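Nothing fancy with the numbering, it's 1 onward along the sequence. All values reported here derive from a predicted model rather than from experimental measurement. All ligand and atom numbering here is 1-based and tracks the order in the structure.
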Amino acid sequence: MDEREKRLKELEAKGVVATDENGIRVVDASLLQDPVRFRSQDNDERRKVGKERTKRKPRTSPLKPAAEESPEEEVEQKVLRPSEIKKREQLNKQFKKEFTMAEEDVPKGVGLDVGTSFLVAGRFEDDGKIHFSKMRDCFIQLEPKTAINAKFIKKGLDDRKAPYIEKDGSFYVLGEDAFVMANERHIVTRRPMHRGVLSPAEKEAFPILQELIKRIVGEPRVKGEQLIFSSPAKPIDAEFDQLFHQDMIRSFINSLGFDAHPMNEAEALAYSELLEEGLTGVAISCGAGMMNVAVLSAGDPVVTFSTSRSGDWVDQQAAIATNMTPSIVQQEKEDPDLDLMDPDPGNQVQAAIAVYYGNLLVYTLENIAHDLRSSPQLPKFKDPIPLVVAGGTSLPKGFIAKFEQALNAVDMPVEISEIRHAPDALHAVSNGLTLAASME
Ligand SMILES: Nc1ncnc2c1ncn2[C@@H]1O[C@H](COP(=O)(O)OP(=O)(O)OP(=O)(O)O)[C@@H](O)[C@H]1O
Ligand SMILES: [Mg+2]
């Protein structure tokens, strides 16, 4: 009996895995409590992610935003640079000189990750590295009661330098400031996107998203600069079309003077993380609204799809189970103290989050297995292939261990060699998009 069969027998004995009358494997995610069987080889990277997270400032109030704003972030990335520039960089290092590129050498192109929860734009700068700007994809509407009141609201917003637009007599506060103000006022933010696409239920969705995109991408550096933006794949468990969203975003970005092209979100993640494997493997972007999946064979995205449960789903389910609001659950979920493999037994919300994470991962992996099994395009891989995960939902401690447990229980039609966590999980998609946008 091989290792895999042995594992399966043990899981069956514990009641985690059963087989129904049609011979289909059924997994009970709530029983996923096994110790982890195989570790990803990238433990160092994961430790780094963990360390970065524990360095975050402690929360001063329960209503403080769960994630800090980071308008401009510098993160060391593996990037493709022309060899003569690499040589110059090496030389400069040797002579302890700061490396700067001539303006005309800086690769052009913008990568824009248009997410349900965050917008992330990447660009090469003159240090030869990709720099990221990030904006929370949300807003609140302030409706003045009188003309005087409108003046005070405007002054208040100007004083705190909050980004906003005025429209039809209302003020729409954007991004992180909207998030902070909503928490101060005990109201919930509105979002222009839902489950990876423009929200059909939000009438201000498109004008607000336009404004956010305009602010984050700025002006093209050259006329018709290439901009590649992320787009979700068609969902396998929901009835909506991502093409309308994609076309609306594309024509708006073109109107700003860029040459815009969509790219599948998981494919972009693969460009960022699977270059060393010749772009062969599985990439899963675990966002707020969706899980985006791509299977690549030598650079060809042979299978791409999305599922419509991810971080928001965990917030909603755990909120129902504990009678809390989804935003309280979200704060708890983003707390660096949370460990999905070892939730605080005295904390009901943490316990619920851990249970729903288990459910989410089994659900996602079962859908992936089902889709791959029925996909005629799936190649026969000679060797086991790597699987890379990224996105905000992959950030809590214990995520990879939970993922490994779920993967052990699910009957996957391709063999996985390792589960790797992208070292910079929040920017990996934007990194891949920027690399693609800067290719000549
Ligand atoms: N440090 C953290 N710990 C746990 N969860 C986090 C953390 N930071 C962000 N998240 C969660 O990650 C999700 C946002 O992830 P991400 O920014 O990758 O999504 P997105 O790209 O905006 O969404 P999508 O790809 O679904 O359109 C949210 O559910 C958020 O609560
Ligand atoms: Mg995303």
Please report whether ligand 1 has a polar contact with [X], defined as an N or O pair separated by less than 3.5 Å (distance criterion only).
| X | result |
| --- | --- |
| Glu265 | yes |
| Gly287 | no |
| Gly196 | no |
| Ser117 | yes |
| Gly289 | yes |
| Thr116 | yes |
| Ala288 | yes |
| Gly392 | yes |
| Lys333 | yes |
| Glu334 | yes |

**Q.** Check against salt bridge (Lys or Arg N to Asp or Glu O under 4.0 Å), Asp312 and Arg191
**A.** CA-CA 12 Å; Asp312 287 347; Arg191 281 192 185 165; 2.8 Å; yes
Q: Give a yes or no on whether a salt bridge exists between Glu225 and Lys108, defined as a side-chain N under 4.0 angstrom from a carboxylate O.
A: no
(Q) Please determine whether a side-chain nitrogen of the Lys or Arg among Glu334 and Lys397 lies less than 4.0 Å from a carboxylate oxygen of the Asp or Glu. (A)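 No.
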Considering the heavy atoms of [X], write down every atom of ligand 1 situated less than 4.0 Å from one of them.
| X | answer |
| --- | --- |
| Pro396 | 4 (C) |
| Met290 | 26 (O) |
| Gly311 | 29 (O) |
| Gln330 | 31 (O) |
| Gly391 | 18 (O) |
| Leu395 | 1 (N), 2 (C), 3 (N), 7 (C), 8 (N) |

Q: Specify whether His427 and Phe132 have parallel, tilted or perpendicular ring planes, treating 30° as the upper limit for parallel and 60° as the lower limit for perpendicular.
A: parallel
On the six-membered ring of [Y], is [X] placed so that its NZ or CZ lies under 6.0 angstrom from the centre and within 45° of the ring axis?
| X | Y | answer |
| --- | --- | --- |
| Arg190 | Phe139 | no |
| Lys134 | Phe118 | yes |
| Arg309 | Tyr363 | yes |

Q. If you look at Glu265, which of its N/O/S atoms is nearest to the Mg ion (ligand 2)?
A. OE2
Q: Keeping the roles fixed (side chain from Gln350, backbone from Asp344), state whether a donor-acceptor pair exists under 3.5 Å.
A: yes
Q.
I'd like to know if the side chain of Asp113 reaches the main chain of Ser230, judged simply by a donor and an acceptor atom lying under 3.5 Å from each other, with no hydrogens or angles considered.
A. no
Q. Run the salt bridge (Lys or Arg N to Asp or Glu O under 4.0 Å) check on Glu219 and Lys214 step by step: do they pass?
A. CA-CA 8 Å; Glu219 303 268 318; Lys214 201 162 84 186; over 6 Å; no
Q.
To the closest 0.5 Å, what do you measure between CD (Glu176) and CE (Met181)?
A. 12.5 Å
